[in-house]
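Here the structure comes first, spelled out in structure tokens, and everything after it is commentary.
Just so we're clear, the structure is a prediction, and the values are computed from it rather than from any experiment.
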Amino acid sequence: MINGVYHNPRLDPRNYLEGPLSDNPATRLRQMLARPGIVVAPGICDGISARCAIEAGFECLYQSGAATTASRLGHPDLAIATMNDFVEAAQTVCSINPTMPVIADADTGFGGPINVARTVKSYAMTGVAGLHIEDQVQTKRCGHLMGKQVVSREEFVTRIRAAVLARDSIPGGSDFVIIGRTDSAQVLGMEEALYRLRLAADAGADVCFIEGVKTSELLKKTVAALAPRPVLVNVISGGLTPAFTYQEAEEMGAKIIIFSLVSCVAMVHAVRAAMHSLKKTGTDFSTAQGMDPKAFFQVMGLDDVVDFDSRAGGSAFQEV
């Protein structure tokens, strides 16, 4: 601490400006944050969506809490999923490409300081590169729904401080990224939201995330007010934040942009259409669009699995 402000010289962004991108996902994320260009992280909710995002060429993934709750539990984003639900989902996603940075939603940290610390360590051990913790009450909801309630400034800062302390206690020196998120803009106004994020940054948050930025002017104001701390913006079609492109967000100064529901909303439309077609026609021929089982499994990494088995001396999958 320097004058009450968190300071860790090892994590200075200047230490991540040069050299090849690391195979450690947290270190890689810090390198991406320190270097030019916006970090674009599409929201994923399971192995299929993660595979599709990687196939499309994205270099960072976002494990959305809303999407994960919907995919794993079939429920809305109303504080129903637990830390274990999120950790198990992250184990799936992070195992697909262990070098790929995954930013994961951690809601409120799932309790008091000890619970926050447990969350950080569990995510880090799973291979997640960073998480965001917010200032909603424990019975939280999606940040783009109405009726949100937030905790006091002091409790929010305690959550961030607990996350930072937990990260710094990981043996060997972890690069795990802590993102402080505030939902207070819709409840208490933009000035309070910016004040809370300054407090979070002073407590050690590496990135600031203001949920529900309603205009480009407010996003620019946020970036300017929090500089040089990187700012994350969350874009959800039909949500509180305008449908900024990642190019527009970069021009406004944002460093990370996430599209939380891009995969699960697309899934709802696609699966609905397939089910209605099957019900109406009696076959899935048209919705398969010519994709046979082998082609599907190739999207899921079939060729890599077969190659690994062969190199290890196996012969079970010589023909598939």
Side-chain angles (χ1 to χ4, degrees), residues 5-8 11-18 21 26-43 57-62 64 101-105 129-135 143-144 156 160 175 177-186 188-262:
V5 176
Y6 175 84
H7 178 68
N8 186 337
L11 299 179
D12 189 312
R14 290 173 294 185
N15 296 333
Y16 299 88
L17 285 171
E18 298 179 356
L21 290 176
T27 304
R28 180 179 288 235
L29 179 57
R30 285 191 179 273
Q31 291 172 319
M32 294 166 72
L33 291 173
R35 301 175 188 190
I38 191 169
V39 177
V40 183
F58 288 100
E59 297 179 350
C60 183
L61 304 177
Y62 173 62
S64 159
V102 175
I103 300 169
D105 190 347
L131 58 67
H132 62 74
I133 291 181
E134 67 201 46
D135 60 355
H144 290 253
F156 177 44
I160 299 300
D175 283 341
V177 175
I178 305 296
I179 302 169
R181 162 179 157 174
T182 183
D183 286 75
S184 60
Q186 289 75 52
L188 302 173
M190 277 295 297
E191 292 306 316
E192 175 66 16
L194 291 176
Y195 189 84
R196 286 178 175 232
L197 289 180
R198 290 190 194 99
L199 292 176
D202 287 347
D206 302 294
V207 178
C208 292
F209 173 3
I210 187 164
E211 182 66 291
V213 179
K214 292 186 176 181
T215 67
S216 58
E217 290 74 21
L218 288 176
L219 178 55
K220 292 175 184 176
K221 178 180 179 180
T222 300
V223 171
L226 297 171
R229 197 72 66 180
V231 169
L232 181 154
V233 62
N234 180 23
V235 173
I236 297 177
S237 181
L240 296 172
T241 300
F244 301 132
T245 66
Y246 67 79
Q247 296 94 336
E248 291 169 338
E250 182 175 15
E251 290 175 0
M252 288 181 270
K255 189 59 186 178
I256 304 176
I257 185 169
I258 58 176
F259 296 88
S260 295
L261 300 184
V262 62

May I ask you to check whether Asp175 and Tyr16 show a side-chain donor-acceptor distance below 3.5 Å? yes
So NE2 of His132 and CG of Leu232: to nearest 0.5 Å the spacing works out to 7.0 Å
Residues Glu134 and Asp105: closest non-hydrogen pair is OE1-OD1, 4.4 Å
request  = Report yes if some heavy atom in the side chain of Met252 is under 4.5 Å from a heavy atom in the side chain of Val233; otherwise report no.
outcome  = no
Residues passing the side-chain contact (heavy atoms from CB on, under 4.5 Å) test with Arg229, sequence neighbours excluded, are Ala201, Cys208
Value for OG (Ser184) from CE (Met190), rounded to nearest 0.5 Å, stands at 9.0 Å
**Asked** Do Thr182 side-chain atoms and Ile210 backbone N/O form a donor-acceptor pair below 3.5 Å?
**Response** no
In this structure, CG of Leu197 is separated from CD1 of Ile160 (nearest 0.5 Å) by 9.0 Å
Only residue of Asp206, Ile133, Leu11 satisfying side-chain contact (heavy atoms from CB on, under 4.5 Å) with Ile178 is Asp206
**Prompt:** CD of Glu59: more than 12 outside heavy atoms within 6.0 angstrom?
**Reply:** no
Tightest non-hydrogen contact, residues Leu240 and His144, listed as N-ND1, 2.8 Å
* Taking the side chain as C-beta and beyond, is there a heavy-atom pair between Val39 and Leu33 under 4.5 Å? -> yes
Q | Side-chain heavy atoms of Ile258 within contact of Phe209, under 4.5 Å | A | yes
Rounded to the nearest 0.5 Å, the CD1 atom of Ile257 sits from the CD atom of Glu248 at a distance of 8.5 Å
For the residue pair Pro101 and Leu61, establish whether any side-chain heavy-atom pair is separated by less than 4.5 Å. no
* Side chains of Met32 and Ile256: closer than 4.5 Å at any heavy-atom pair? -> no
In short, Ile38 meets Glu250 closest at the heavy-atom pair N-OE2, 3.4 Å
